[in-house]
Amino acid sequence: MKKLELHWKILIGMILGLLFGFLMLQFDWGKSFVSDWIKPFGSIFVKLLKLIAIPLILASLIKGISDLKDISKFKNIGIRTIIIYVLTTVVAISIGLMLVNALQPGDGVSDETIAKLTDTYSSTSGVQAKIAEATKQVESGPLQFLEDMVPDNALSAMSNNKLMLQVIFFSIFLGISMLLIGEKRAEPLKNFFDSLNDVVLKMVDLIMLSAPYAVFALLASVVVSSDDPDILVALAQYSGVVVLGLLLMISFYVLLVTTITKKNPFWFLKEISPAQLLAFSTSSSAATLPVTMERVTEHIGVEEEVSSFVLPVGATINMDGTSLYQAVAAVFIFQALGLDLTFGDQITIVLTALLASIGSAAVPGAGMVMLVIVLESVGLPPELLPIGLALIFAVDRPLDMCRTVINVTGDATVSMLVAKSVGKLGEPKIKEWDDHYEEVK
Ligand code: ASP
């Protein structure tokens, strides 16, 4: 019998997880049962993915750069990547702004709903923590991000997943220096990182064997910790606009893949789907990164020289879904509170949402922290901030799941575009998920 493909297995795990979560909500003990006995398996899976993210970035980026044999090629890839990332993000924000202005979801929110949401959420620790975190970010100077990118200690950079850009910086620096000392002298180090790269990719395969079960656990725990369904319905119009925007963004990627890389878009979506499903289940592009790398390199055929740079950088700075959501959420909050936004304000949203999505960490809920900065930039008074966030807080998690899918799909699309433009989009090198697994058993 033909084995069920991975994405089907993951999808079945997700659906069963959702159903199980709803079932457990029917019992008094259901919620604590899920958080005590089911959730840990999802958390272990996410931890395993995060565990290999730093070694993978290190090994694949150093291997990728030292394979290039020529620094000018790296410069070429780097510049194209950044330009395309900025362009796709601007498209995402513009789609968000167009939809939210045309459909006006904020006008449909009644005063009672605003009062209810404000009562329930504005003083909760969740909302207050986001505001506090955002305030910390605002207090830093304009070039702080550049300073933050450069580590003063390679080992401490590698010991903190939040410092992924520092690890990227160190790996590029090391890779370029290896190119400069010449192939022969760099060979021992190159062999070491080549081998480390293969081993870490094998670890991805092994971790993915448990993906269908892990997503079951992740989704069951999201369901039992979600909010009152009535509130979710009250915010349906706003959520609908965000989701519609995200779907348009997928269509935009499909258009780019079809016209520029001349690949079949359905094939692209099928091959990338395990990464998308994991992005949805974990709400974290950083945790999904190892799987995105594996899919893009082995299943789509982007050569490692390109994917090893474009994807980790994308996971940290390119968040099209997040920026689209920030644009919609900011305007929605103004509409719901009956405040006006001028055309100039909307342009400010484009610029700040672009910077905010670059600055957002690739972890669950990060987009909302940076939304605070977008709201402040267009003059939302500080006393209205908790109310503004309270309005969208209840649906943040489901929307986070959806926008993370777009963030990951955007990174994969851009890696194909960059690869195509530098002649590095080859044929897939598919290895079975469990190849060699039988031998070592
Ligand atoms: N969860 C998103 C990501 O990891 C970031 C966000 O929008 O909150 O890509």
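Note that these values count all heavy atoms, side chains included, but never hydrogens, waters or copies made by symmetry. Counting convention: from 1, in listed order, for ligands and their atoms alike.
- Relative to the six-membered ring of Trp37, Lys39 misses at least one condition, a distance below 6.0 Å or an angle of at most 45° to the axis.
- The shortest N or O to N or O distance between Ala362 and ligand 1 is below 3.5 Å.
- Residues meeting the side-chain contact (heavy atoms from CB on, under 4.5 Å) test with Leu341, sequence neighbours left out: Val331, Phe334, Asp345, Gln346, Ile349, Val378.
- Each of the following atoms of ligand 1 lies closer than 4.0 Å to a heavy atom of Ser284: 4 (O).
- Between Val363 and ligand 1, a contact under 3.5 Å exists for at least one N or O pair.
- Of all the atoms in ligand 1, the ones that sit under 4.0 Å from a non-hydrogen atom of Gly365 are 8 (O).
- Classified by interplanar angle (parallel below 30°, tilted 30° to 60°, perpendicular above 60°), the ring pair Phe74/Phe309 is perpendicular.
- No N or O atom of Ala286 sits closer than 3.5 Å to an N or O atom of ligand 1.
- With a 4.0 Å cut-off on non-hydrogen atoms, Val408 does not touch ligand 1 at all.
- The part of Ser283 lying near ligand 1 is the backbone, judged by heavy-atom distances below 4.0 Å.
- Remark: Asp119 CG is packed, more than 12 non-hydrogen atoms of other residues, nucleotides or ligands lying under 6.0 Å away.
- Using a 4.0 Å cut-off to heavy atoms of Thr322, the atoms of ligand 1 that qualify are 5 (C), 6 (C), 7 (O).
- The closest protein non-hydrogen atom to atom 4 (O) of ligand 1 is Ser285 N, 2.8 Å.
- In this structure, the ring of Phe20 has its center less than 6.0 angstrom from the ring center of Phe216.
- For the side chain to side chain contact (heavy atoms under 4.5 Å, CB included) with Val224, the lone residue among Leu219, Val34, Ile38 that qualifies is Val34.
- The protein heavy atom nearest to atom 8 (O) of ligand 1 is Gly367 N, 2.7 Å.
- A 6.0 Å sphere centred on CH2 of Trp267 holds more than 12 heavy atoms belonging to other residues, nucleotides or ligands.
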